[in-house]
Every structure is written in structure tokens, then in C-alpha cells.
Amino acid sequence: MPVARPELSDSRVIAHVDMDCFYVQDSSSLKVRSDVRRQVSRFKGMKRNDPILANWSYCESVVEQRKQQSLRGQPTAVVQYNSWQGGGLIAVSYEARKFGVKRSMRGDEAKQVCPEIHLVQVPVARGKADLNTYRNAGSEVVSILSRRGRCERASIDEVYLDLTIAAEAMLADNPPECLETISEEVVKSHVLGLEEVGSDARENVRHWFTRSDASRRDKLLACGAFIVAELRLQVLEETEFTCSAGIAHNKMLAKLASGMNKPAQQTVVPFSSISKLLRTLPIKKMKQLGGKLGTSLQIDLGVNTVGDLLQFSEEKLQEYYGVNTG
DNA sequence: CATGGGGGACCA
DNA sequence: TGGTCCCC
């Protein structure tokens, strides 16, 4: 059985970056570059619920919106194969979601729920839907994220980032508690386990990031969150795409966190919040357990949360599912 | 036919 | 290598 060296593996700083409704985002390219600059500078100082965000990023249909700026802020969906009932939706902007439009609806169905929806076609090559434009747009993002650490592409619109080295370097010569100013994007971070304390969320977050009595691993995560906030702004400036991110000590938690606050937000999972988070987490939410294995855990072992799963030893699970799966 | 289809991980 | 599972 492989045993990880705790001091090396337990305090890694891992980010999972997930593009917001990505396919939609590429269709509405801004016509004028200065428009981007203006929008970005507004974005930097913006409150989380600023209405302009609704026109900017709340859309998986964003690749398409970059190409066609007029689609920004419009209910938009990306469709593949329109010959049968209007084709299948593979991405739906947040504006369209408000009307009840859902992925895996047919185009015709979406039109009924939301008559003003803009449907954009996925390019076709050799009679098949061709996602290369979105894959290439994803590469633009990866090239930016790679500046601060090693990237692992998990899908067309998802990237894992190992920021351990960069976070350690920052902690060594520019620790958060010594920064005189903290960017808005960092203060907007969600920190798990901090939500329910006090009334002023942003002040709490600011305090969490700058407190000097933090554990080393908390400080590393804080540095990671700084770096991710910077990267997300660079992605917005250079590609016009928004994304959401999770920052944690491993991939599983980072992935879990990136989906907790969307779009255009980031979530940190401090070590101290992990056990509470997992205790009640439905097992099906965990990557790799969304399918038959997760169902088997529920039905055959009565395991419904990750906390339940902890009652089973590794050996016991291996009896049921084999050495590796167990 | 009616979510399409592809890609990655793991296994025998 | 082909089959199955899982995810996007």
C-alpha cells in the first residue's frame, strides 16, 4: 500500500479552475478592445452582486458570446445537431437558465420556455459536432494558468493547478499578513467554515487572509487563493472569459469547492473545515462516485455520506470492491 | 434512435 | 487491446 509522506503531500496547494458556462462564452467577442479594458477595470472593483456581472459572465455559452458580442447578457444556448427537434443543448447561459432552460433540452423545447433565446450552432466537421473551437479557447486559458504552476487539463473547460511551489515562495517573501492592500477579488473569496461567523462577510474574509496566528497550511492556502485571484483576472483580461475556482490541499476538495460558488467566484477549503464538510456530503457528489459504484455504496452498504463511509475500513471496502477500487 | 459523443482511467 | 465506468 502506497503511503504518502505527510509533510509533502498534506499541504499541497491545489486549485481547480472551471470555466463558467464555457461554450456560450466564446460567441460574443467584444468589438472594441477598449470596451474590454473598461469592463475589466469595473470588474476589479465590483461587488459580487453587481448587475453588470449579469451581462458579463453568467453564461456556459460564453465561448460563443466572445465571437458575437451582441449575445452578451442575452439568453443564449449552444446547440448541436438542429435537425431533430431543434438539436440538443450542450450549454445554457445563466440568463436562459432563469427561464427554466436546461441542458439536454431540445432546441424546440427551449424556444417554448424562452422564445427570445439565441441558439448558436456547434460547428460540424465530417457530419459530427466539432468542439475544437472550444478546446482551443480552453488552451488560451491553460497557457495563462501555466504561468504560476503545473496544469492538468481535466476536460475542455476544467483545469487542475498545482500552486504549491508558488504559494511557498509567496509565503517566504511576501506573506499575506504583510500586505497593505488586498485586492477586491481576494476579499470576495468564500472560505469554508467562515460563512456563519459574524455579519460582515468581507471583513471576516479579509481577517482570515491576513491574520498572523494562522497555521502554515492555512497561510499556504491563503497564498494560493491570492494567486488564483490574480490568475482569474488575467484570464478575464486576456481572454474575456470568467471562471470559478476551488483552492484546497488536494484535487478532490478543490474540484468540490470550485462548484460551490459560481459563476466568477472562488472558494477556499481550509484544513479545519474538511471533516465537517465531508461528514454530511452525499456520496454521489464525489467525483467517481456519481455512477454505479456510488449507487452500490448506498444500496449494498447503506452508505449515504462520506461520513458514513469512514465507518468502513479500507480492508472491508476491498473485500467488497477489490483491492484497487476499495 | 432521441443527450451525443468523446476522452481518460482502470481492468482482465 | 477491448470493455466498462465515469464525467463533461
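Order of the sequence lines sets the chain letters (A, B, ...), proteins ahead of strands, with each chain counted from 1.
A donor-acceptor contact under 3.5 angstrom links the side chains of A:His190 and A:Gln265, judged on distance only. Side-chain contact of A:Thr267 with A:Asn261: a donor-acceptor pair under 3.5 Å is present, judged by distance alone.
At a threshold of 4.0 angstrom between heavy atoms, the contacts of A:Leu293 are confined to the sugar-phosphate backbone, with no base atom among them. Across all strands shown, A:Lys255 has heavy atoms under 4.0 Å from sugar-phosphate atoms exclusively, and none from any base. Residue contacts shown for A:Gly88 are absent, as no nucleic acid heavy atom lies under 4.0 Å away. Heavy atoms of A:Glu158 sit under 4.0 angstrom from primed sugar atoms or phosphate atoms, though from no base atom. As judged by a 4.0 angstrom heavy-atom cut-off over every strand, A:Ser104 is placed among the base-contacting residues.
Contact check on A:Glu238 versus A:Arg147 returns a salt bridge, with a Lys/Arg side-chain nitrogen under 4.0 Å from an Asp/Glu carboxylate oxygen. Classification of A:Asp218 and A:Arg211 as a salt-bridged pair holds, one side-chain N sitting under 4.0 Å from a carboxylate O. A salt bridge links A:Arg206 with A:Glu203: at least one charged nitrogen is closer than 4.0 Å to a carboxylate oxygen.
Nucleotides C:dC8 and B:dC1 have their P atoms positioned 29 Å apart, rounded to a whole Å.
Per the geometry, CG belonging to A:Asp18 stands 14 Å off P belonging to C:dC7, to the nearest Å. If you take CZ of A:Arg103 and P of B:dG4, they are 14 Å apart, rounded to a whole angstrom. For A:Arg106 and B:dG4, the CZ to C1' distance is 9 Å, given to the nearest whole Å. For the pair A:Tyr23 OH and B:dG4 C1', the interatomic distance rounds to 11 Å; values are reported in whole Å. In this structure, CZ of A:Arg126 is placed 18 Å from C1' of B:dG4, rounded to the nearest angstrom.
When the nucleotides B:dG4, C:dC8, C:dC6 are ranked by their closest atom to the side chain of A:Lys292, C:dC6 comes out on top.
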Would you tabulate the side-chain donor-acceptor contacts of residues 105-128 of chain A under 3.5 Å, counting partners in other chains and residues two or more places apart, or write 'none'?
| residue | atom | partner | partner atom | Å |
| --- | --- | --- | --- | --- |
| A:Glu109 | OE1 | A:Arg106 | N | 3.4 |
| A:Lys111 | NZ | A:Ile117 | O | 3.3 |
| A:His118 | ND1 | A:Pro75 | O | 3.4 |

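A perpendicular orientation is assigned to the rings of A:Phe312 and A:Tyr320, their planes being inclined by more than 60° (bins at 30° and 60°).
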Q) Can you give one letter per nucleotide of nucleotides 5-12 of chain B, going 5' to 3': B for a protein heavy atom under 4.0 Å from the base, S for sugar-phosphate only, - for none? A) SS----S-
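B:dG4 is unpaired under the criterion used here, namely a Watson-Crick or G-U wobble arrangement in which both key atom distances are under 3.5 Å.
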